[in-house]
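What follows is a short report on a single structure.
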Amino acid sequence: MRRTILDLTRGVPPVEAFPLDELACCAEAALRRDSNALLQYGRSPGYAPLRAWLAEQYGVRPAQVFTGNSSLEIFWFVIQTHLQPGARVFVESPSYDRALTLLRRAGAQIVGIPMEDDGLNLQVLEDELERGTPALLYVIADFQNPTGITTGLDKRKRLAALAEEYGFWIVEDAPYRHLRYVGQEVPTIWSLAPSRVLHVSSFSKVLAPGLRLGYLVGPTQPVAALAAWAVDTYIGPVFPTQGLVYEYCLRGLLEPNIGRLRTVYHPRLLAALSGLDKHLAGATWATPEGGFFVGVTLPDGSDVAALRVRAERAGLRLSSGQDFFPTAAEGMRFLRIPFCSLTPEEIEEALSRLACLL
Ligand SMILES: Cc1ncc(COP(=O)(O)O)c(C=O)c1O
């Protein structure tokens, strides 16, 4: 295994996790059953049967569901419909690097709120609220990317109450929510403040990212605004993907697939945690209960930028910690460990290589 390059940069599912035969079968069935709707131009907010199915899952009306080509694209549309350049936006610090990139691209004034082991530091958040209400707060409440942290129920309730009191939107980005390996599910922030939360999710992590299928659940007014924006942008998203996923869901295949993924990923999380215990004394991390990542803070004086160069020579690819922070000066000691795309043996090997470099 020594000479294999081990990649700890990508939060992607392993290719062997894709249910290829089922997807192929559903693609054919969907096209044959509803070819006119799927092959003609379809309009945003998306393929009606899939939106109705999602609406039923969430207990809302279909007018509250928007579907698009990936949750990242939906977030970009939310930014375009909800933010003026210079708008204040609160994010968890650290947060998902691509979301930060999109916010920067839109000229947002990004305010990072530090993460604690159960979610945002509410004191800092409330101090920042006194300085000025944000247009939106972007939160990954379940198994956060990049820390793996899940926001506790009390904090969710407080966030929901603050959004209502101050009148800002919360974007709750939840692609990992169903990938819980241990512990109890926590209610979504959306369920606590449905008039103030745009709940965004995706089929990327529970089915396959190449499908590029994401969705948003929220009040009808922002959903209609997103749909109008999307129609002006490209008429509608890729309908064959939506038809195929609808067929997959209709056949009841999604839940068993998620169950199967949990059994693949849980041992990988355990391997990451035991490898960290064994090899990274002096580092700290919160213990995730699901998702794709463990976020590690290396001991004082560590420099991930220099470590990455040494790691590359040792056949180990690492992400830049700074990319996950709103201000680049932070994150020098932060290392995101994505554990789903490597086998338990590869994770152990990667962490033992890492230990030799510290
Ligand atoms: C928090 C978060 N949001 C969104 C995405 C992207 O999802 P999608 O493939 O639906 O764009 C990711 C992917 O890594 C993610 O970690």
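Not measured: the values here are computed from a predicted model. We count ligands from 1, going down the list as the structure has it; atoms in each ligand are counted the same way. What you see below is based on every heavy atom in this structure, not just the backbone, and it leaves out hydrogens, waters and symmetry mates.
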[X]: numbered ligand 1 atoms lying under 4.0 Å from its heavy atoms:
{"X": "Ser204", "answer": "8 (P), 9 (O), 10 (O)"}
{"X": "Arg212", "answer": "8 (P), 9 (O), 11 (O)"}
{"X": "Lys205", "answer": "12 (C), 13 (C), 14 (O)"}
{"X": "Ser202", "answer": "8 (P), 10 (O)"}

Of the protein's non-hydrogen atoms, which lies at the shortest distance from [atom], and what is that distance?
{"atom": "atom 8 (P) of ligand 1", "result": "Ser71 OG, 3.3 Å"}
{"atom": "atom 16 (O) of ligand 1", "result": "Tyr176 OH, 2.5 Å"}
{"atom": "atom 1 (C) of ligand 1", "result": "Asp173 OD2, 3.4 Å"}

Original post:
Short N/O distance, under 3.5 Å, between Leu72 and ligand 1?
Top reply: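 Yes; the residue has a nitrogen or oxygen that sits under 3.5 Å from a nitrogen or oxygen of the ligand.
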Does [X] reach the side chain of [Y], with side-chain heavy atoms less than 4.5 Å apart?
{"X": "Ser44", "Y": "Tyr234", "answer": "yes"}
{"X": "Leu198", "Y": "Val223", "answer": "no"}
{"X": "Leu159", "Y": "Leu137", "answer": "yes"}
{"X": "Leu226", "Y": "Val78", "answer": "yes"}

Original post:
Does ligand 1 have a heavy atom under 4.0 Å from the side chain of Ser70, from its backbone, from both, or from neither?
Top reply: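 Both parts.
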Subject >> ligand 1-proximal atoms of Gln144, by part, heavy-atom distance under 4.0 Å >> reply: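 Answer for Gln144: neither.
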Original post:
Should one rank Tyr96, Phe292, Trp76 by closest heavy-atom distance to atom 5 (C) of ligand 1, which comes out on top?
Top reply: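 Residue with the shortest heavy-atom distance to the ligand atom: Tyr96.
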Subject >> Close approach of Pro175 to ligand 1, heavy atoms, under 4.0 angstrom >> reply: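 Distance cut 4.0 Å: Pro175 passes for ligand 1.
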Original post:
Would the Phe203 and Tyr248 ring centres measure less than 6.0 Å apart?
Top reply: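 Ring-ring flag for Phe203/Tyr248: false, centres at least 6.0 Å apart.
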Original post:
Regarding Asp173 and Tyr138, is there a side-chain donor-to-acceptor distance under 3.5 Å anywhere?
Top reply: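 Per modelled atom types, Asp173 and Tyr138 side chains form a pair under 3.5 Å.
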Original post:
If you measure only the distance, is there a donor-acceptor pair under 3.5 Å linking the side chains of Gln144 and Thr150?
Top reply: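 No, because no side-chain N or O of Gln144 sits under 3.5 Å from a partner of the opposite role on Thr150.
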Original post:
Do the rings of His199 and Trp190 sit parallel, tilted or perpendicular, given the 30° and 60° boundaries?
Top reply: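 It falls in the tilted class, 30° to 60°.
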